[in-house]
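Worksheet: one structure, shown below.
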Amino acid sequence: MQIQELNKEQQKAVNHIDGPMLVLAGAGSGKTKVLTNRIVNLIENGISPYNILAITFTNKAAKEMKDRVVRLIGKEAYNIQISTFHSLGLKILKENYSMLGYEKNFTIIDSDDVLTIIKKILKDKNMSKDRYNPREIKNKISSAKNEMMSIDSFAKVEFDHKVVEVYKEYQQKLKNGNSVDFDDLLILPIKLFRNYPRVLEEYQDRYKYILIDEYQDTNEAQYTFSKLLSAKYRNIFVVGDNDQAIYAFRGANYKNILNFEKDYPEAKTILLEENYRSTKTILNAANSVIKNNHERKDKNLWSNNATGNKIKYKEVANEKEEASFVGTEIKRLLSEGINEEDIAVLYRTNAQSRVIEEEMLKKNIKYRVVGSFYFYNRKEIKDLLCYLRLINNHKDDVSLLRVINTPRRGIGDKTIETLTEEATTRELSLYETISKGKELEFKNLIEDLTKASESLSLTELIDEILEKTGIKKELSTSKLLEDEIRLENLNEFKGVTKSYEEEYGTASLGDFLDEISLVSDMSEHQDSSNRVSLMTVHSVKGLEFDYVFIVGMEEGIFPHYNAINDGSNSAIEEERRLCYVAITRAKKELYITSADTRMLFGNPMRNQPSRFIDEIDKEYIDKERPKKLEKIITKVRKTVDKNATYEVGEHISHTEFGEGIVISVDKSIITVAFPHPIGIRKLMKGHPNITKL
DNA sequence: GAGACCGTCTTTTTT
DNA sequence: AGACGGTCTC
Ligand SMILES: Nc1ncnc2c1ncn2[C@@H]1O[C@H](COP(=O)(O)OP(=O)(O)OP(=O)(O)O)[C@@H](O)[C@H]1O
């Protein structure tokens, strides 16, 4: 195949057919483009679409890639398996559930449910929430699963045997409820492959050609998954960039990509060095930031594009002004005829989206929040989903508990406690245990709805649920504005199911629920055209926009406190890679903002501009900050004593807040208690305003 | 068993 | 500032 728009190295990668290959290259060098075109080339070389497996990092990326391949070769492309690891895992699970001891229609539980289950276990085991943080335990369990630890090997690294107990109990609960969590979608197929080599071979024969995008962010389980699948034919083609590894917190290990040549000694490697995406200015700025990372191989990445405008950096007083600045600039761009879909606003944490959203509404700018679970996390939507899940899988105790008394049916803690006890002793699900009373009425209701589900379309079923459960009646007779909004949301949800049905013909309940679990991102079910995109830096990986705003470029936000306080160099380096990803998303123009004060948990928080701003070479950035501020800031910067040390309990005095006591000391921040009404403040160590007493 | 009230905790990032 | 869980009263 000869494609006009490919350079020599890219062409080489595209034309490669058999054997392992690694494409290691920087941002915007065309890795994804190469991967997509290689799929096309494989097909043109007579390889069946059924034998091709392409793995992307997000569902969104999978969809985009599929669309692109369809455009290039037509409908045949629908037969290629293009998906995330998790979706593929689910597919394999659905084809083999009984071998793993599950039943048809198993439920995929979301992270909220995981937390609910863990909290419940902690309570049952009388483990106090102060000593055992449910969130932390959830992370521990998830990491253990992603490193494919058995309970025994987990017990070797986790010395608190009670935590091990929780892990055990958690697994048991899932199994009893015929449910799996996200991590299971990866590790159950691996278990299947290991226990049944014949099954593995079937899949190896099916997926003879494997392509993986964003390989630098694979974790242990994903790594093993791909290694097993590719072992027979060794036709594995991976692309990635170690400078864009940003998922270490999820167990991803960028060494997987650097070790590729060790794993597959016969592998060919291709490096791409030309960036086709960004202006010279933007690319050079990104390069000047990333070169501050020391745990990295330097690579050459250049652009032949125009020089372009300098990056605009604006320092403002607070997050409201920041949003307002972004809003005004976007308005200006739009008035110049630029399309909404070519603009993105990026932030480090989801919490930052709120102010921006409000501003978009205020200025009447059309936007969408990518990666927002907000809609599916609303109470009324979750309730409805739990009804659907319960109808789909009667053993789903988590869902049952959520809806058995919603709306109120007079089934309280007492009843539930008795039921739970009986269910545990008889080793049955709660649903199976129900045999009398108001609970039975509820069970009969679910039975009826289950029957109805067999002959109704998804949307009709939802209507039936809302009607028969009394949800609709309760909400429509209520006078509360809140309830009116709830009803509206439920209607919007019906819009989602309707468009889902239209897209896939008639849709099965199970398939729909799976889809929701895997992509509970409202923006993916919405039309994205003519909207400004708002998203975290993590979710923008792999995408590109003409105009990009990076907001909240402050110490404490980006890099985040937790990374700073972690004290490890690698945590900061990951933040820096994240910054590199953010900058390299921009094609034409980049804006960076920082706020001096930002509300955090209802308290104003002072932040310095991010170190990453200083790391951008002066020639690529135009800094704008209030004149007065400039003097104060440079003065403060010069006089901060980085080596100041404090001890908990020490008395200090602050020029503004008066005397206080140090209550905790972190890497660069101390927390100080001041007398009423000032209260608890976080201060920068060695700040000139602080005097030791 | 339902609803009101108060104190605590939250936010790092995602499939 | 807002969500959530625990406790108290009817
Ligand atoms: N040879 C080429 N000629 C012109 N444009 C190209 C060429 N190769 C890639 N591009 C364009 O460059 C942009 C970046 O490509 P792509 O998204 O594939 O890069 P990438 O390496 O996957 O980037 P990242 O790692 O940052 O996600 C795309 O708009 C693509 O169309």
Side-chain angles (χ1 to χ4, degrees), chain A residues 55-62 83-90 108-112 114-116 119-120 122-123 128-130 133-135 138-139 142 145-146 180-187 214 217-219 221-222 225 245-252 319 346-355 370-374 377-379 404-417 438 514-521 524 535-541 552 556-566 571 574-575 577-579 581-582 598-605:
Chain A
I55 298 286
T56 60
F57 200 70
T58 62
N59 295 293
K60 198 188 174 61
S83 68
T84 62
F85 274 111
H86 288 85
S87 303
L88 173 67
L90 173 61
I108 306 166
I109 60 166
D110 64 39
S111 346
D112 275 357
V114 174
L115 209 58
T116 312
K119 280 181 188 163
K120 216 161 148 282
L122 291 180
K123 213 170 161 186
S128 89
K129 272 206 314 208
D130 301 330
N133 179 330
R135 247 191 151 71
K138 174 178 168 245
N139 285 341
S142 177
K145 289 180 96 166
N146 273 305
V180 298
D181 64 17
F182 269 120
D183 304 324
D184 287 331
L185 296 178
L186 293 178
I187 58 178
E214 310 280 8
D217 274 323
T218 49
N219 64 27
Q222 294 165 331
F225 199 140
I246 54 176
Y247 280 93
F249 73 92
R250 209 170 82 181
E319 76 271 26
L346 311 181
Y347 34 81
R348 175 66 238 274
T349 70
N350 286 305
Q352 290 166 258
S353 73
R354 197 154 178 163
V355 231
V370 178
S372 161
F373 313 108
Y374 177 72
N377 271 338
R378 297 209 37 123
K379 184 185 177 314
I404 192 166
N405 202 29
T406 344
R408 308 251 114 78
R409 298 191 175 88
I411 303 173
D413 292 349
K414 206 63 210 258
T415 315
I416 288 171
E417 202 178 306
K438 293 174 190 155
D514 291 340
E515 165 105 5
I516 294 285
S517 318
L518 288 174
V519 275
S520 65
D521 180 347
E524 295 199 22
M535 61 183 121
T536 64
V537 182
H538 281 90
S539 22
V540 80
K541 191 170 70 155
I557 300 284
F558 200 174
H560 196 273
Y561 279 119
N562 296 347
I564 298 173
N565 284 337
D566 187 80
E574 175 137 328
E575 295 283 310
R577 289 194 293 272
L578 201 50
C579 181
V581 170
R598 184 182 294 277
M599 285 300 210
L600 187 71
F601 306 143
N603 292 359
M605 187 85 200

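Chain letters run A, B, ... following the sequence lines, proteins first and then strands; every chain starts at 1. No hydrogens, no waters, no symmetry mates; every other heavy atom, side chains included, goes into these values. The shown structure was predicted, so the numbers you read here are calculated from the model rather than taken from an experiment.
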Which nucleotide wins on minimum distance to the side chain of [X], given the candidates [options]?
X        : options                : value
A:Phe601 : B:dT12, B:dT11, B:dG1  : B:dT11
A:Phe182 : B:dT14, B:dT15, B:dT12 : B:dT15
A:Lys414 : B:dT14, B:dG1, B:dT12  : B:dG1
A:Asn562 : B:dT12, C:dA1, C:dG5   : B:dT12
A:Asn133 : B:dT10, C:dG5, B:dT13  : B:dT10
A:Thr58  : C:dG2, B:dT15, B:dT13  : B:dT15
A:Ala351 : B:dT15, B:dT14, B:dT11 : B:dT11
A:Lys119 : C:dG5, B:dT15, B:dT12  : C:dG5

Examine [N]: is either OP1 or OP2 under 4.0 Å from a nitrogen or oxygen in the side chain of [X]? Give yes or no.
X        : N      : answer
A:Arg135 : B:dT11 : yes
A:Ser111 : B:dT14 : no
A:Asn146 : B:dT15 : no

Measure [atom1]/[X] against [atom2]/[N] and give the value in whole Å, please.
X        : N      : atom1 : atom2 : result
A:Asn219 : B:dT14 : CG    : P     : 16 Å
A:Ile55  : B:dT14 : CD1   : P     : 20 Å
A:Leu600 : C:dA1  : CG    : C1'   : 11 Å
A:His538 : B:dT11 : NE2   : C1'   : 13 Å
A:Ile109 : B:dT15 : CD1   : P     : 17 Å
A:Glu574 : B:dT14 : CD    : P     : 12 Å
A:Asn377 : C:dG2  : CG    : P     : 18 Å
A:Asp112 : B:dT11 : CG    : P     : 10 Å

### Message
Under 4.0 Å, heavy atoms only, any strand: does A:Thr415 hit a base, just the sugar-phosphate, or nothing?
### Response
sugar-phosphate

### Task
Report which part of the nucleic acid A:Asp183 touches: base, sugar-phosphate, or nothing (heavy-atom distance under 4.0 Å, all strands).
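Since no nucleic acid heavy atom lies under 4.0 Å of A:Asp183, the category is nothing.
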
### Query
Using 30° and 60° as the class limits, which term best fits the ring planes of A:Tyr247 and A:His538: parallel, tilted or perpendicular?
perpendicular

Using modelled atom types and a 3.5 Å cut-off, is there a donor and acceptor pairing between side-chain atoms of [X] and backbone atoms of [Y]?
X        : Y        : value
A:Asn350 : A:Thr536 : no
A:Asn59  : A:Ser83  : no
A:Gln222 : A:Phe85  : no

### Query
About how many Å separate SG of A:Cys579 and CD1 of A:Ile246, when rounded to the nearest 0.5 Å?
11.5 Å

Identify the pairs formed between an N or O of the protein and an N or O of nucleotides 2-8 of chain B at a distance under 3.5 Å, and give each distance.
{"residue": "B:dA2", "atom": "OP1", "partner": "A:Gly410", "partner atom": "N", "Å": "3.3"}
{"residue": "B:dA2", "atom": "OP2", "partner": "A:Asn405", "partner atom": "ND2", "Å": "3.1"}
{"residue": "B:dG3", "atom": "OP2", "partner": "A:Arg408", "partner atom": "NH1", "Å": "3.0"}

#### Entry: Heavy-atom pair of closest approach, residues A:Glu574 and A:Ala248
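So the two residues come closest at OE1-CB, 3.0 Å.
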
### Message
I'd like to know whether A:Glu417 forms a salt bridge (charged side-chain N to carboxylate O under 4.0 Å, His left out) with A:Lys414, so could you lay out the CA-CA distance, the side-chain angles of the two residues, the decisive distance to 0.1 Å, and finally the verdict.
### Response
CA-CA 5 Å; A:Glu417 202 178 306; A:Lys414 206 63 210 258; over 6 Å; no

### Those residues that, when tested against A:Glu575, pass salt bridge (Lys or Arg N to Asp or Glu O under 4.0 Å) (two or more places apart)
A:Arg348

### Message
I'd like to know if A:His86 reaches the base of B:dT15 with its side chain, counting only an N/O donor and acceptor under 3.5 Å.
### Response
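Checked by distance alone, the answer is yes.
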
#### Entry: Centroid distance under 5.5 Å and plane angle under 30°, A:Phe85 vs B:dT15
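Aromatic stack with B:dT15 absent for A:Phe85.
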
